Number of protein chains: 2
Amino acid sequence: MNTDYFTIGKLAKDTDTKVVTIRYYESIGLLPAPLRTGHNYRLYNCDHFKRLSFIRRCRSLGFPLSQIREIIALTDQPDEDCQKVDKIARGHLDIIESKIQDLTQLASELRQKITACQGGTIAQCCILKNLLKQNTTPIKSAS
Amino acid sequence: MNTDYFTIGKLAKDTDTKVVTIRYYESIGLLPAPLRTGHNYRLYNCDHFKRLSFIRRCRSLGFPLSQIREIIALTDQPDEDCQKVDKIARGHLDIIESKIQDLTQLASELRQKITACQGGTIAQCCILKNLLKQNTTPIKSAS
DNA sequence: ATGCAGTCTATAGTTACTATAGGGTCAAGC
DNA sequence: GCTTGACCCTATAGTAACTATAGACTGCAT
């Protein structure tokens, strides 16, 4: 049982989140609006802390807010099948994995262009030549 | 020598770029404004095609528009040292490589959470438990 | 009483586009 | 000549997930 209340600054520090970000999450309905003091300061409790920690953990795993929202909604239906969570997580993993592939491909192309360059003036630059070389004229009046 | 002119639609098709994107590049000064017909249609030439192809190739390598702008500015100074281009490209490669590392780490964490889950109800879901477990209370009145 | 850190709201900026509304133009077919 | 559909125009707003700024109030310590 914990009935402590704390300000937005403390919540920000304890969850390693910027103050503005917390207010942003409230504005988009991701974090419930807390009580206010007589002078309109936000007063958070333990539940807010838990919720925000969860959001931040999901964010650090790369989940978009839209999916975090879905997951949170699911936690309100404890008797539903867990497959939905699983599906979201797997879908997200797929996206991450394909991003890794894309970036790996991209890195190797770029590395190749860079190592090909022996220096010199801009006019001689192999990186630029390489980037400029293909397709120097549009397709002739076809279509 | 090529004095052909073509519409935005043809340029879009030949560079695999959306029409709106081309107008957007013009609006931010990345692609020079072309001539116009009597009825205000844009008329592009070969130079526009080359420039846009270059932009798209850089984009497909993940360069942000700001860096593409820098690189293009450099091509106007053919006698400068090529090191500047090299620096931009290497800096970009570093970023890509560190992104790959982050994502790889992230994918393995997520994969672990997913494979730990044996199904069941939301209440029993290991993925959720795992995401919720740490830090359930803020740091007590410290600081 | 003063100063500084913390809080408040509201608005605009970021990146690289995409979407939409509301309109004009061009070429082909009838 | 008229219609139809594809193409073009501008201007504005929306996207994701914040960040930055302005202008004002509060709380606490000296």
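Nothing here was measured: the structure is a model prediction, and the numbers come from that model. Chain naming here is simple, since letters A, B, ... match the order of the sequence lines and numbering starts at 1 in each.
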K.L.:
Quickly work out the Leu35(A) CG to dT7(C) P distance and round it to whole Å.
P.N.:
16 Å
K.L.:
Can you measure Lys13(A) atom NZ to dG6(C) atom P for me and round it to whole angstrom units?
P.N.:
7 Å
K.L.:
Could you tell me whether Arg90(B) and Asp86(B) have a side-chain N and a carboxylate O separated by less than 4.0 Å?
P.N.:
yes
K.L.:
Measure from the side-chain N and O atoms of His48(A) to the backbone N and O of Leu11(A), and report whether any donor-acceptor pair falls under 3.5 Å.
P.N.:
no
K.L.:
For Phe54(B), what residues pass the ring pair (Phe, Tyr, Trp, His ring centres under 6.0 Å) criterion, not counting sequence neighbours?
P.N.:
none
K.L.:
Out of Thr15(A), Thr21(A), Thr17(A), Asp16(A), which one pairs with Arg56(A) under the side-chain hydrogen bond (donor to acceptor under 3.5 Å, both in side chains) rule?
P.N.:
Thr17(A)
K.L.:
Any idea which heavy atoms bring Pro64(B) and Arg59(B) closest together, and the distance?
P.N.:
CA-NH1, 3.9 Å
K.L.:
Please give, in whole Å, the distance from dT18(C) P to Ile28(B) CD1?
P.N.:
12 Å
K.L.:
Could you state the atom-to-atom distance from CZ of Arg69(B) to C1' of dT15(C) in whole Å?
P.N.:
12 Å
K.L.:
Between C1' on dT18(C) and OH on Tyr25(B), what's the gap in Å once rounded to a whole number?
P.N.:
12 Å
K.L.:
Report the distance from atom OH of Tyr41(A) to atom P of dG6(C), rounded to the nearest whole Å.
P.N.:
11 Å
K.L.:
Given Tyr44(B) and Leu52(B), is the side-chain contact (heavy atoms from CB on, under 4.5 Å) satisfied, shown in steps?
P.N.:
CA-CA 11 Å; Tyr44(B) 294 96; Leu52(B) 182 55; over 6 Å; no
K.L.:
dC8(C), OP1 or OP2 - any side-chain N/O from Arg42(A) closer than 4.0 Å?
P.N.:
yes
K.L.:
Using a strict threshold of under 4.0 Å (side-chain N to carboxylate O), is an ion pair present between Arg51(B) and Asp47(B)?
P.N.:
no
K.L.:
Expressed as a whole number of angstroms, how long is the span from Glu26(A):CD to dT7(C):P?
P.N.:
14 Å
K.L.:
Identify, residue by residue, the members of residues 15-24 of chain B with a heavy atom below 4.0 Å from DNA chain C, and return them in order of residue number, or none.
P.N.:
Lys18(B), Thr21(B), Tyr24(B)
K.L.:
Relative to the 5' end of DNA chain C, which residue comes earlier, His39(B) or His39(A), by the nucleotide with the nearest heavy atom?
P.N.:
His39(A)
K.L.:
Reading DNA chain D 5' to 3', which nucleotide is the first, and which the last, to come under 4.0 Å of any heavy atom in chain B?
P.N.:
dC7(D) to dT10(D)
K.L.:
Starting at atom CD1 of Ile68(B), determine the distance to atom C1' of dA16(C), rounded to an integer number of angstrom.
P.N.:
10 Å
K.L.:
Over all heavy atoms of both residues, which pair between Pro34(A) and Leu43(A) is shortest? Give the atoms and the distance, please.
P.N.:
CB-O, 3.2 Å
K.L.:
Has Arg42(B) got a side-chain atom pairing as donor or acceptor with Thr37(B)'s backbone, closer than 3.5 angstrom?
P.N.:
no
